[in-house]
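Note sheet for the following structure.
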2 protein chains.
Amino acid sequence: MFSKACEYGIRAAVYIALQSLDGRRVSVNEIAEEIDSPIAFTAKILQQLSRNNIIHSVKGPTGGFEIAREDMDAVKLNMIVKAIDGDKIYVGCGLGLKECNAQKPCPLHDKFVDIRTDLSKMLKSTSLFELATGLEVGLTYLKR
Amino acid sequence: MFSKACEYGIRAAVYIALQSLDGRRVSVNEIAEEIDSPIAFTAKILQQLSRNNIIHSVKGPTGGFEIAREDMDAVKLNMIVKAIDGDKIYVGCGLGLKECNAQKPCPLHDKFVDIRTDLSKMLKSTSLFELATGLEVGLTYLKR
DNA sequence: TAAATAAAGGACATTTTTGTCCGATTAATG
DNA sequence: CATTAATCGGACAAAAATGTCCTTTATTTA
Ligand code: FES
Ligand code: FES
């Protein structure tokens, strides 16, 4: 569904949001540890998110990553997915034709579009804050 | 969503079904031409489908691939997807945890499972025959 | 101002996916 | 029985995704 990079990106963003709720800035090392991801690869992904203004980074001692409280509401999953995986899951054809096109649809088009629309709506309506709170209460997990 | 191999596999299977409705057996070369896919790679995928009894192959002159009329109804997309991509789309966690587990769910679990269930239902209920008929009538396309 | 800390970024390495090539096998036909 | 047409199967090649390492840059603090 999502690339590994995107999965790490979402997990990382949720963890940063959770810690930012406590006013804590976190380092790549801590993030990678807490979401069980490869450190250097995770660093690359965080750079992408930072460049896309999804998370905020601070260099130097006491630096790290954080997300402002308002941004946790404003940042929806679709923004993270788009920043990392691009829009292929939104415009791609389920059977691999150049692009999805209702004028010349593939045999699976109608059924595929239904699913994709649901997915898209879900991603557009799910905020980082929402995901972080489940974690905070101990209902959900970022690693096992 | 699906791998390239799986996309080619579905397109190929639908094309074979369409031609089998006319009693025509088709070669790898014809299939690759008609679905716009790499020939040798497509051959590999057809072997997989053949080994999984999803399509039938005949060697030698006048040979090729075909699907019996009854099988077009019996073969659902989920069988093709499972034969090529395995069951990762059915049991995988949306955020990349080892496996999806409602006991220790990731933050996206509930919402992800909804989508995945819809996708799974759709694949389980869509037959090759159904997809081939849309093509036959000229409503849908396997290449552009 | 020097040392230490943390992200940024580029080059490189590994693994997986996608794709190619070619000889072996099977079967139809003259 | 020889030829030919087709899939089968293994080895290989290329490309993309994933992952690592190391140097540079910015910033804090002693
Ligand atoms: S054309 Fe294939 S999904 Fe729309
Ligand atoms: S645990 Fe992540 S989707 Fe179920």
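Residue numbers begin at 1 in each chain, while the letters A, B, ... track the order of the sequences.
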*Does a side-chain N or O from Ser57(B) land closer than 4.0 Å to OP1 or OP2 of dC8(D), or not?*
yes
What pairs of donor and acceptor atoms, side-chain ones from residues 97-107 of chain B against any protein atom, are under 3.5 angstrom apart with sequence neighbours left out?
residue   : atom : partner   : partner atom : Å
Asn101(B) : OD1  : Gln103(B) : N            : 2.7
Asn101(B) : OD1  : Lys104(B) : N            : 3.4

*How far does CD of Glu7(B) sit from CD1 of Ile45(B), to the nearest 0.5 angstrom?*
10.0 Å
Residues in side-chain hydrogen bond (donor to acceptor under 3.5 Å, both in side chains) with [X], at least two apart?
{"X": "Thr140(B)", "result": "none"}
{"X": "Arg25(A)", "result": "Glu66(A)"}
{"X": "Ser125(B)", "result": "none"}

Check whether any side-chain heavy atom of [X] lies under 4.5 Å from a side-chain heavy atom of [Y], and answer yes or no.
{"X": "His56(B)", "Y": "Asp71(B)", "value": "no"}
{"X": "Arg11(B)", "Y": "Tyr15(B)", "value": "no"}
{"X": "Phe2(A)", "Y": "Ile89(A)", "value": "yes"}
{"X": "Met122(A)", "Y": "Asp114(B)", "value": "no"}
{"X": "Met1(A)", "Y": "Lys88(B)", "value": "no"}
{"X": "Lys121(A)", "Y": "Lys124(A)", "value": "no"}

*Bending between helix ends of the helix from dT1(C)-dA30(D) to dG30(C)-dC1(D) [5 pairs per end, 10° resolution]*: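 It comes to 10° between the two terminal axes.
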*List in numerical order all residues of residues 46-56 of chain A for which some heavy atom is under 4.0 Å away from an atom belonging to DNA chain C.*
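When residues 46-56 of chain A is checked for heavy atoms under 4.0 Å from DNA chain C, the hits, listed by number, are Gln47(A), Ser50(A), Arg51(A).
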*Kindly state which residues belonging to residues 21-36 of chain A come within less than 4.0 angstrom of DNA chain C, counting heavy atoms of the residue only, listed by number.*
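Within residues 21-36 of chain A, the residues near DNA chain C are Val26(A), Ser27(A), Val28(A).
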Would you mind reading off the distance between [X] atom [atom1] and [N] atom [atom2], rounded to a whole angstrom?
{"X": "Lys44(B)", "N": "dC21(C)", "atom1": "NZ", "atom2": "P", "answer": "12 Å"}
{"X": "Ile84(A)", "N": "dG19(D)", "atom1": "CD1", "atom2": "P", "answer": "13 Å"}
{"X": "Glu66(A)", "N": "dT27(D)", "atom1": "CD", "atom2": "P", "answer": "14 Å"}
{"X": "Ile45(B)", "N": "dT18(C)", "atom1": "CD1", "atom2": "P", "answer": "8 Å"}

*Any side chain to side chain donor-acceptor pair (under 3.5 Å) involving residues 34-48 of chain A? Give me the pairs, sequence neighbours left out, ordered by first then second residue.*
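Qualifying pairs: Ser37(A)-Thr42(A).
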Restricting to nitrogen or oxygen on both sides, can you table the protein-nucleotides 14-18 of chain D pairs closer than 3.5 Å?
residue : atom : partner : partner atom : Å
dT18(D) : OP1  : Lys4(A) : N            : 3.1

*asked:* Tell me every residue that passes salt bridge (charged side-chain N to carboxylate O under 4.0 Å, His left out) with Glu30(B), counting only those two or more places apart in sequence or in another chain.
replied: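 Partners of Glu30(B) under the salt bridge (charged side-chain N to carboxylate O under 4.0 Å, His left out) test: Arg24(B).
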*Measure from the side-chain N and O atoms of Lys111(B) to the backbone N and O of Leu123(A), and report whether any donor-acceptor pair falls under 3.5 Å.*
no
Donor-acceptor list for residues 73-83 of chain B side chains, cut-off 3.5 Å, not counting sequence neighbours:
residue  : atom : partner  : partner atom : Å
Asp73(B) : OD2  : Arg69(B) : NH1          : 2.9
Lys76(B) : NZ   : Asp73(B) : O            : 3.1

Give me, pair by pair, the N or O atoms of the protein and of nucleotides 22-30 of chain C that are less than 3.5 Å apart, along with how far apart they are.
none

*Apply the side chain to side chain contact (heavy atoms under 4.5 Å, CB included) test between Ile16(B) and each candidate in Ile67(B), Leu128(B), Ile35(B), Ile54(B); give the one that qualifies.*
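Single pass found, and it is Ile67(B).
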*Using the closest heavy atom to pick a nucleotide of DNA chain D for each, name whichever of Gly63(B) or Thr42(A) lands nearer the 5' end.*
Gly63(B)
